[in-house]
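Computed from a prediction, not measured in an experiment: that's the story for all the values here.
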Amino acid sequence: MAARSLPEKYVCIDVECVATGRRHDARSVALVAIVDQDERVLLKNKVKPREKVMSYLTPLTGLREGDLDDGEPLESVLAEVKRILSPEIVLVGQGVKNDVQWLKLREGEHFSCTVDLGELFKAYNHRFSNYNYFSLSHEANTLLYQGFISDEHDPVTDAKASVQLFKKFYADSARLEEAKKKLLRNRPPPSWVKKNNYRWEGVCMAAYFPEKCFCGAPTKKT
């Protein structure tokens with residue numbers, strides 16, 4: 001693996017969504033956080049959904065009915081996000097391309113490139129001859145410290161975990177390879193989604209699990 005260094009300017013971004021329908025692609029942005037490379041919180045905003053919320057996905061978002069009543073319109077939050085970013089900044093996050101889509105960001109205008117921690121830490125499993133992908137909570141709780149991230153995600157906590165993981169492993173290939181082995185050895189506990197058969201309050205949660213999907217929406221590949 002070629003040697004690489006940390007980028008000069010980067011931020012970690014995290015978006016949490018609520019469900020506005022039963023399909024796993026029926027989501028609306030609810031929380032947005034941006035943390036810089038020194039773990040300073042540049043943005044933490046609530047977004048008031050335009051559509052009726054079917055489920056706040058509380059075990060995942062920590063949100064409950066009424067929590068978004070004082071949220072800002074999505075357009076206002078997007079304008080704030082774009083004021084913070086610049087074409088020189090690298091965006092880092094777990095599944096960060098999803099966040100880019102949610103926030104309507106454009107490469108070369110709002111950021112220079114992205115680093116997906118899911119791709120960074122994916123590990124080849126020789127036993128099953130495939131690649132394993134891990135959740136941000138498993139990465140943080142295994143490689144930083146246990147309990148860093150709970151099932152109820154807070155976007156600032158997630159973004160800070162992303163900063164620490166990126167800073168600790170991105171530029172050190174030997175340390176990164178050891179981290180992948182550790183992630184493979186330490187099996188994560190079942191997620192709340194898995195424990196609930198990939199559905200919650202009538203909402204499909206199987207975007208990456210076509211065999212579990214009941215809503216008929218296109219599924220995604222890890």
Side-chain angles (χ1 to χ4, degrees), residues 1-2 4 10 12-17 19 23-25 27 33 57 59-61 90-103 113-155 157-200 203-215 217-222:
M1 183 182 293
R4 58 189 177 193
Y10 60 92
C12 291
I13 193 163
D14 189 79
V15 176
E16 301 290 346
C17 295
R23 290 165 52 113
H24 59 245
D25 58 359
R27 300 289 187 269
L57 306 178
L60 182 63
T61 65
V90 174
L91 293 186
V92 178
Q94 186 84 7
V96 67
K97 289 183 180 179
N98 293 324
D99 298 329
V100 166
Q101 291 177 349
W102 284 120
L103 300 177
C113 63
T114 60
V115 177
D116 186 341
L117 295 179
E119 290 293 330
L120 181 67
F121 288 109
K122 74 176 181 181
Y124 189 73
N125 189 323
H126 291 277
R127 181 181 177 187
F128 297 104
S129 301
N130 62 7
Y131 280 97
N132 285 180
Y133 288 82
F134 309 101
S135 67
L136 180 63
S137 58
H138 185 52
E139 292 159 5
N141 293 339
T142 301
L143 303 175
L144 298 175
Y145 64 83
Q146 187 61 39
F148 195 121
I149 294 177
S150 64
D151 274 343
E152 274 196 19
H153 288 209
D154 171 74
T157 301
D158 286 3
K160 287 185 176 183
S162 296
V163 170
Q164 292 186 29
L165 289 164
F166 183 67
K167 194 177 289 187
K168 186 173 182 179
F169 296 102
Y170 179 76
D172 190 329
S173 58
R175 178 180 276 183
L176 178 58
E177 290 308 308
E178 287 304 310
K180 292 179 181 182
K181 293 176 185 176
K182 190 173 183 180
L183 289 167
L184 282 171
R185 285 195 307 269
N186 292 272
R187 291 174 61 86
S191 67
W192 72 272
V193 172
K194 185 174 183 178
K195 286 187 285 189
N196 286 279
N197 199 29
Y198 300 90
R199 59 182 67 202
W200 183 258
V203 174
C204 181
M205 303 294 293
Y208 293 94
F209 301 92
E211 70 281 4
K212 296 291 185 180
C213 175
F214 67 86
C215 72
T219 52
K220 302 176 184 179
K221 292 183 179 180
T222 51

K.L.:
Under 4.0 Å between a side-chain nitrogen and a carboxylate oxygen: does that hold for Lys181 and Glu178?
P.N.:
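A salt bridge links Lys181 with Glu178.
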
K.L.:
How long is the gap from CZ on Arg175 to OG on Ser173, to the nearest 0.5 Å?
P.N.:
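Here the rounded value is 11.5 Å.
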
K.L.:
By salt bridge (Lys or Arg N to Asp or Glu O under 4.0 Å), which residues pair with Lys122, not counting sequence neighbours?
P.N.:
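Glu119.
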
K.L.:
Within the 4.5 Å heavy-atom criterion, are Leu91 and Asp99 side-chain neighbours or not?
P.N.:
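Side chain of Leu91 against side chain of Asp99, heavy atoms only: no contact under 4.5 Å found.
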
K.L.:
Given 3.5 Å as the limit, does a donor-acceptor pair link the side chain of Arg27 with the main chain of Arg23, or not?
P.N.:
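Yes, Arg27 side chain to Arg23 backbone: donor-acceptor pair under 3.5 Å.
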
K.L.:
Please identify each residue that fulfils side chain to side chain contact (heavy atoms under 4.5 Å, CB included) with Val163, with sequence neighbours left out.
P.N.:
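Partners of Val163 under the side chain to side chain contact (heavy atoms under 4.5 Å, CB included) test: Cys12, Val35, Glu39, Lys167.
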
K.L.:
Using the test side chain to side chain contact (heavy atoms under 4.5 Å, CB included), find all partners of Asn141 that sit at least two apart in sequence or belong to another chain.
P.N.:
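Here the qualifying residues are Ser137, Gln146, Phe148, Ile149.
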
K.L.:
With sequence neighbours left out, write down each residue that passes side chain to side chain contact (heavy atoms under 4.5 Å, CB included) with Phe209, or none if nothing qualifies.
P.N.:
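Residues passing side chain to side chain contact (heavy atoms under 4.5 Å, CB included) with Phe209: Tyr198, Ala206, Glu211, Lys212.
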
K.L.:
Who are the side chain to side chain contact (heavy atoms under 4.5 Å, CB included) partners of Gln94, not counting sequence neighbours?
P.N.:
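Expected list: Leu117, Leu136, Glu139.
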
K.L.:
Give a yes or no on whether Lys168 atom NZ has more than 12 heavy-atom contacts from other residues, nucleotides or ligands under 6.0 Å away.
P.N.:
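Enclosed: over 12 neighbouring heavy atoms sit under 6.0 Å from NZ of Lys168.
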
K.L.:
Would you indicate whether the side-chain heavy atoms of Arg127 and Leu184 approach each other to under 4.5 Å?
P.N.:
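No; the side chains remain at least 4.5 Å from each other.
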
K.L.:
Could you work out, with side-chain hydrogen bond (donor to acceptor under 3.5 Å, both in side chains) as the rule, every residue matching Arg199, not counting sequence neighbours?
P.N.:
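So Arg199 forms no side-chain hydrogen bond (donor to acceptor under 3.5 Å, both in side chains) with any residue.
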
K.L.:
So, do Leu176 and Leu120 sit near enough that their side-chain heavy atoms are less than 4.5 Å apart?
P.N.:
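Yes; the side chains approach each other to less than 4.5 Å.
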
K.L.:
Under the rule for side-chain hydrogen bond (donor to acceptor under 3.5 Å, both in side chains), what residues qualify as partners of Asp172, not counting sequence neighbours?
P.N.:
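For Asp172 there are no side-chain hydrogen bond (donor to acceptor under 3.5 Å, both in side chains) partners, ignoring immediate neighbours.
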
K.L.:
Could you tell me which residues satisfy side-chain hydrogen bond (donor to acceptor under 3.5 Å, both in side chains) with Asn186, sequence neighbours excluded, listed by chain and number?
P.N.:
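side-chain hydrogen bond (donor to acceptor under 3.5 Å, both in side chains) list for Asn186, sorted by chain: empty.
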
K.L.:
According to side-chain hydrogen bond (donor to acceptor under 3.5 Å, both in side chains), who are the partners of Thr114, at least two apart in sequence or on a separate chain?
P.N.:
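Residues passing side-chain hydrogen bond (donor to acceptor under 3.5 Å, both in side chains) with Thr114: none at all.
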
K.L.:
List in chain and number order the residues that pass ring pair (Phe, Tyr, Trp, His ring centres under 6.0 Å) with Phe121, two or more places apart in sequence or in another chain; answer none if no residue qualifies.
P.N.:
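Per chain and number, Phe121 pairs via ring pair (Phe, Tyr, Trp, His ring centres under 6.0 Å) with Phe169.
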
K.L.:
Tell me whether His24 contacts the main-chain N or O of Cys213 through its side chain, where contact means a donor paired with an acceptor under 3.5 Å.
P.N.:
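Absent.
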
K.L.:
Quick one: list whatever passes ring pair (Phe, Tyr, Trp, His ring centres under 6.0 Å) with Tyr124, sequence neighbours left out.
P.N.:
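Tyr124 satisfies ring pair (Phe, Tyr, Trp, His ring centres under 6.0 Å) with His126, Tyr131 only.
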
K.L.:
Side-chain contact, heavy-atom cut-off 4.5 Å: Leu57 with Met205?
P.N.:
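In short, these two side chains touch, coming nearer than 4.5 Å.
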
K.L.:
So, using ring pair (Phe, Tyr, Trp, His ring centres under 6.0 Å) as the criterion, who are the partners of Trp200 when residues are at least two apart?
P.N.:
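So Trp200 forms a ring pair (Phe, Tyr, Trp, His ring centres under 6.0 Å) with Trp192.
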
K.L.:
So, applying side-chain contact (heavy atoms from CB on, under 4.5 Å) with Val92, which one of Asp116, Leu165, Val115 is it?
P.N.:
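Among Asp116, Leu165, Val115, the one meeting side-chain contact (heavy atoms from CB on, under 4.5 Å) with Val92 is Val115.
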
